[in-house]
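Encoded as structure tokens, the structure appears first; notes follow it.
Numbered from 1 within each chain, the chains take letters A, B, ... in sequence-line order.
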There are 2 protein chains.
Amino acid sequence: MKKIKFEKLFEHPTATVDVVVFSVENGELGVLLIRRKYSPFKNMWALPGGFIRKNEELAKAARRELGEETGISGVYLEQLYTFDAPGRDPRGRVITVAYFALVQQRAMKLKASFDAKEAKLFAMRKLPKLAFDHKVIIDYALIRLRNKIQYTNAAWSMLPEAFTLGELQRLYEIILGKRLDKRNFRKKILSLGILKTLRRIKKGLRQRPARLFTFKTRKHIELRRFF
Amino acid sequence: MKKIKFEKLFEHPTATVDVVVFSVENGELGVLLIRRKYSPFKNMWALPGGFIRKNEELAKAARRELGEETGISGVYLEQLYTFDAPGRDPRGRVITVAYFALVQQRAMKLKASFDAKEAKLFAMRKLPKLAFDHKVIIDYALIRLRNKIQYTNAAWSMLPEAFTLGELQRLYEIILGKRLDKRNFRKKILSLGILKTLRRIKKGLRQRPARLFTFKTRKHIELRRFF
DNA sequence: ACAAAAGTGTTTTCATTACACCCATGG
DNA sequence: CCATGGGTGTAATGAAAACACTTTTGT
């Protein structure tokens, strides 16, 4: 193993990880942002993320940053893209490996233990001005999310263990940004065989009680495009 | 702008770019490999690639490495994935941003100006033992390629300007690794409206002459899944 | 005349879409 | 009794798959 020379090393760009955390709350698709404590872009809203430590896997770094800055853990996480436009970071040459994560509505409540002035879920339609090129990253992530839920079972990571078909459909409608036909939706989603029908029933609301379902598996599964 | 401390800097992983160059030749899908001149993995076959220079965009670095090591230029190139498994590089912590490229059969002839002992197209089915985790990267790229030609016009980058439908179909069959129905293939590909029918005809072979076609546009276009 | 690929339509199957009414509950 | 979402089937459309023979050329 060769010793790496200092001058040589200095030529290399540094690398960060950023995470786009999506969640659906109050009938809207939201992205988790944190308020930056340091320069550059001090006090501006930005994606959770930060520098990679040596010998730390990227995905692990993403989870660590997420945990440190927002208290969220145990979510679905996948690599999105590596952004490297020159000038994206005023400190100089910094490339960032972006991840995207999906979390349950409930999980966002844990975040409440953190100061809401520091980490907050913003509706996609009301994003503040963002640090770096984070708006570009979020837009890219949204495209990925929309595609993803159409050919994988990724929705499991955004819903509680048990849910009604109505809740599942609403999730799809919010993410895709369009209404879906109820009968067609149920037919299709059930024909995929990824759901398990529970005995339980959701009642207590002033409406007809609804059957509860759960995902057969809570691991990522690729299917054929289905909407 | 803060001055970056040396110790801090040293904690950062270094970054490389690797390129998976696909081409179809002799009825087989091939990958371009180079023989490594230096340690580690000296004399072993590997993907073209190398360290990123400061202030050099990743895609540009990929093109540069490709040109320097193989003489290939002007190809379709897209970012694939960033690989960072610990231990993937014996020199220590090195992450690599992988790209994949598609080149015409003809373009590979330019490469002949380089020593064939140093850069060579290997059939996917007869890959040698590879340096680093390059086998993993190639496998990942193949999946991407197979998907890509099914919902984009990417094939343009692997064929000469004018080609017959037979040649186009053979390209698809080789990449997908399965036979396609001639009539269905023609119907589908023509219905997409991405091809322009030329006046010219390919003759000279001892068989019925074939109509020549060309892609209306030689830029990347996304379509709906079509095979 | 033969080998080799070019060229050409129809039928069947399957997935997708569109569409409207009654049901069970809580208030 | 009313508001709210839950629950259900069928017909029309369009895309994909299966399938076989004739044509044109060079040798």
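Counting non-hydrogen atoms under 4.0 angstrom, Leu205(B) reaches the backbone sugars and phosphates but no base. Note on Arg211(A): only backbone sugar-phosphate atoms sit closer than 4.0 angstrom, heavy atoms only; bases stay farther off.
Taking the six-membered ring for Trp, Phe41(A) and Phe132(A) have ring centres closer than 6.0 Å. Taking the six-membered ring wherever Trp is involved, the centroid distance between the rings of Phe215(B) and Phe163(B) falls below 6.0 Å. Checked against the 6.0 Å centroid threshold, Tyr140(B) and Phe83(B) count as a close aromatic pair.
Atom pair Lys203(A):NZ and dG27(C):P shows a separation of 12 Å (rounding to whole Å applied). In this structure, Leu212(B) atom CG and dA6(C) atom P are separated by 11 Å, rounded to whole Å. dA15(D) atom P lies 11 Å from atom CG of Leu192(B), rounded to whole Å. Look at CG on Asp181(A): it is 16 Å from P on dT10(D), rounded to the nearest Å. Rounded to whole angstrom, the span from the CD1 atom of Ile189(A) across to the P atom of dT8(D) amounts to 16 Å. Rounded to an integer number of Å, the gap from CZ of Arg186(B) to P of dA17(D) is 18 Å. Atoms CD (Glu167(A)) and P (dT4(D)) sit 18 Å apart, rounded to a whole Å. Taking atom CG of residue Asn184(B) and atom C1' of nucleotide dG7(C), one finds them 14 Å apart after rounding to whole Å.
At a cut-off of 3.5 angstrom, counting only N and O atoms as typed in the model, there is a donor on one side and an acceptor on the other between the side-chain of Arg183(A) and the base of dA20(C). Lys182(A) contributes a side-chain N or O that forms a donor-acceptor pair with the base of dG7(D) under 3.5 Å. If you check distances only, the side chain of Lys187(A) does reach the base of dT17(C) with a donor-acceptor pair under 3.5 Å. A donor and an acceptor atom never sit less than 3.5 Å apart when one is taken from the side chain of Arg206(A) and the other from the base of dT25(C).
Of the candidate nucleotides dG9(C), dA24(C), dG7(C), dA24(C) has the atom lying nearest to any side-chain atom of Arg208(A). In this structure, of dG7(C), dG9(D), dA4(C), it is dA4(C) that holds the atom nearest to the side chain of Gln207(B).
By the neighbour-count criterion of 12 heavy atoms within 6.0 Å, atom CZ of Arg218(B) is densely surrounded, having more than that number from other residues, nucleotides or ligands.
Both tests pass for Lys120(B) against the ring of Phe122(B): distance under 6.0 Å to the centre and angle within 45° of the axis.
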